[in-house]
Amino acid sequence: MKGTLYGVGVGPGDPELLTLKAVRVIKKCHYIAVPSEDKSKCLAYKIASGAVELEDKPCLTISMPMTMDAEILEQYHTDGARKIAGALKQGKDVAFLVLGDPAIYATYGYIHEKIKALGYETQIISGIPSFCAAAARLNIPLVEQAQQLHILPAAYAPKETANLSGIKVFMKIGSKMEWLREQIDTTADHVYMVENCGLENERVSYTADGLDEAAGYYSIVIVKNGEHDGYAG
C-alpha cells in the first residue's frame with residue numbers, strides 16, 4: 001500500500017494556533033518533511049515542535065531556494081517530489097509542514113501537484129492564514145459588509161495597486177518595502193503592519209510610519225479604506 005502526502009498548515013507562528021487536525025495528522029505520519037536543508041533553521045518545524053514532539057520523527061529536508069528562476073525552481077521541486085515519493089512508495093505517510101495555509105501562496109503546492117501526478121494520494125490540512133492571524137493580533141475586523149479583500153504577494157503584486165478598492169493585504173514583503181510605501185494610497189484610513197506574527201520577535205505598527213526597511217520577509221501589511229474599519233488599536 002502506498003503512503004499519503006499531507007500538506008499540513010502550521011499557522012503563522014504561535015504553536016497554539018495549530019488545529020487539532022494538524023496535530024493529529026503530524027503525530028500519525030511516519031515522516032515529516034520541511035522546506036529547508038536544515039530542519040533546525042526551518043520556521044515551520046519550530047512552530048510545529050511547539051505543539052507536537054518531533055525530535056524522534058524522521059524528517060525529509062526539501063530544498064526550496066528563494067529565487068524566481070523558473071528552471072531552477074522546477075529542478076528543486078522535481079528533486080523534492082522524488083525524495084518524498086521514495087518514502088510514499090514504501091507505504092509511509094508524510095506530513096509536509098507549511099507556514100500558514102498550504103493553499104495560499106505556498107511553495108508546497110508545486111510538490112503537491114507533482115506527487116499527485118506520480119499517482120500518490122495527497123491531502124491538504126488547512127492552517128490559519130497569516131493575514132487572519134495578523135488582523136486578530138491588531139484586534140480589527142479584516143473586512144465588513146460589501147468591502148472587497150485583495151491578497152497580494154509583494155514580490156508578484158501589480159505595479160499599480162492604489163486603484164484597487166477595499167482592503168489590501170500585502171504578504172511576504174521581503175525587499176519590497178520601499179516599493180510598497182510608494183504604492184500605498186496616502187488617503188488610506190489605516191495602514192497596519194504585523195511582523196513575525198505570533199513569534200517572540202513580533203512587531204506591530206498601527207501607522208504607515210512603521211513601514212521601514214528593517215521589516216523582514218514575514219511581514220503582513222494591511223491597508224484599509226472605508227468608514228467601517230473597526231480600529232481598536
Side-chain angles (χ1 to χ4, degrees), residues 7-14 17-19 21-22 43-44 47 66 68 98-110 112-113 124-199 202-213 215-233:
V8 182
V10 301
D14 185 349
L17 293 182
L18 263 75
T19 66
K21 187 171 185 177
L43 182 55
I47 294 169
M66 298 291 286
M68 296 176 71
V98 184
L99 284 174
D101 184 284
I104 302 175
Y105 297 125
T107 52
Y108 163 77
Y110 301 102
H112 181 89
E113 292 302 317
I124 290 178
I125 309 301
S126 296
I128 293 177
S130 58
F131 52 87
C132 291
R137 175 62 182 84
L138 291 163
N139 200 29
I140 60 172
L142 193 54
V143 287
E144 298 176 275
Q145 299 181 5
Q147 290 178 325
Q148 296 180 2
L149 176 63
H150 304 277
I151 309 300
L152 304 161
Y156 297 94
K159 293 182 179 180
E160 297 81 19
T161 63
N163 294 330
L164 296 175
S165 61
I167 312 305
K168 288 165 280 190
V169 174
F170 295 90
M171 301 176 60
K172 302 180 179 181
I173 304 302
S175 62
K176 296 292 186 176
M177 187 59 76
E178 182 177 353
W179 168 85
L180 181 56
R181 285 200 302 262
E182 294 175 353
Q183 295 301 313
I184 289 177
D185 185 351
T186 57
T187 65
D189 293 308
H190 293 290
V191 177
Y192 311 99
M193 183 185 74
V194 180
E195 180 181 3
N196 300 318
C197 186
L199 301 173
E202 178 185 84
R203 187 162 64 101
V204 178
S205 172
Y206 293 91
T207 70
D209 293 337
L211 307 186
D212 56 59
E213 294 297 332
Y217 180 75
Y218 297 115
S219 296
I220 299 291
V221 172
I222 300 174
V223 181
K224 301 198 73 172
N225 291 294
E227 65 275 16
H228 302 287
D229 78 336
Y231 172 67

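Atoms considered below: every heavy atom in the structure, side chains included; atoms not considered: hydrogens, waters and symmetry mates. Note that this is a predicted model, so its numbers are computed, not measured.
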Side-chain heavy atoms of L99 within contact of S130, under 4.5 Å: no

Considering residues at least two apart in sequence or located in another chain, which fulfil the side-chain contact (heavy atoms from CB on, under 4.5 Å) criterion with F131? I104, P129, L142, I151, V169, M171, I220

4.5 Å side-chain heavy-atom contact, T207 and V191: no

Whether the side chain of E202 engages the backbone of L199 through a donor-acceptor N/O pair (distance < 3.5 Å, no angle test) should be reported. no

Of all the heavy-atom pairs spanning S165 and H150, show the shortest one and how long it is. O-NE2, 2.7 Å

To check you understand the geometry: which heavy-atom pair defines the closest contact between E195 and G216, and what is its length? OE2-N, 2.8 Å

NZ of K21 to CD1 of I125, rounded to nearest 0.5 Å, is 4.5 Å

How long is the straight-line distance from CD1 of I140 back to OH of Y206, given to the nearest 0.5 Å? 8.5 Å

Over all atoms of both residues, closest heavy-atom pair of V8 and A22: CG1-CB, 3.6 Å

T19 OG1 to I128 CD1 distance, which is reported to the nearest 0.5 Å: 8.0 Å

Nearest heavy atoms of S126 and P102, plus distance in Å: CA-CD, 4.4 Å

How long is the gap from CZ on R137 to CG on D14, to the nearest 0.5 Å? 11.0 Å

Less than 4.5 Å apart, side chain to side chain, heavy atoms only: is that true for V204 and M193? no

Aromatic contact between H112 and Y110, with the criterion being ring centroids under 6.0 Å apart: yes or no? no

For I222 and A134, the nearest pair of non-hydrogen atoms, with its separation, is CD1-CB, 4.5 Å

Between K172 (side chain only) and Y105 (backbone N and O only), is there a donor and an acceptor less than 3.5 Å apart? yes

Using every non-hydrogen atom in the two residues, find where D101 and A106 come nearest and quote the distance to one decimal. O-CB, 4.1 Å

Apply side-chain contact (heavy atoms from CB on, under 4.5 Å) to the pair Y192 and V223, showing each step before the final yes or no. CA-CA 7 Å; Y192 311 99; V223 181; over 6 Å; no

Here the gap from I167 atom CD1 to L149 atom CG, rounded to the nearest 0.5 Å, amounts to 7.5 Å

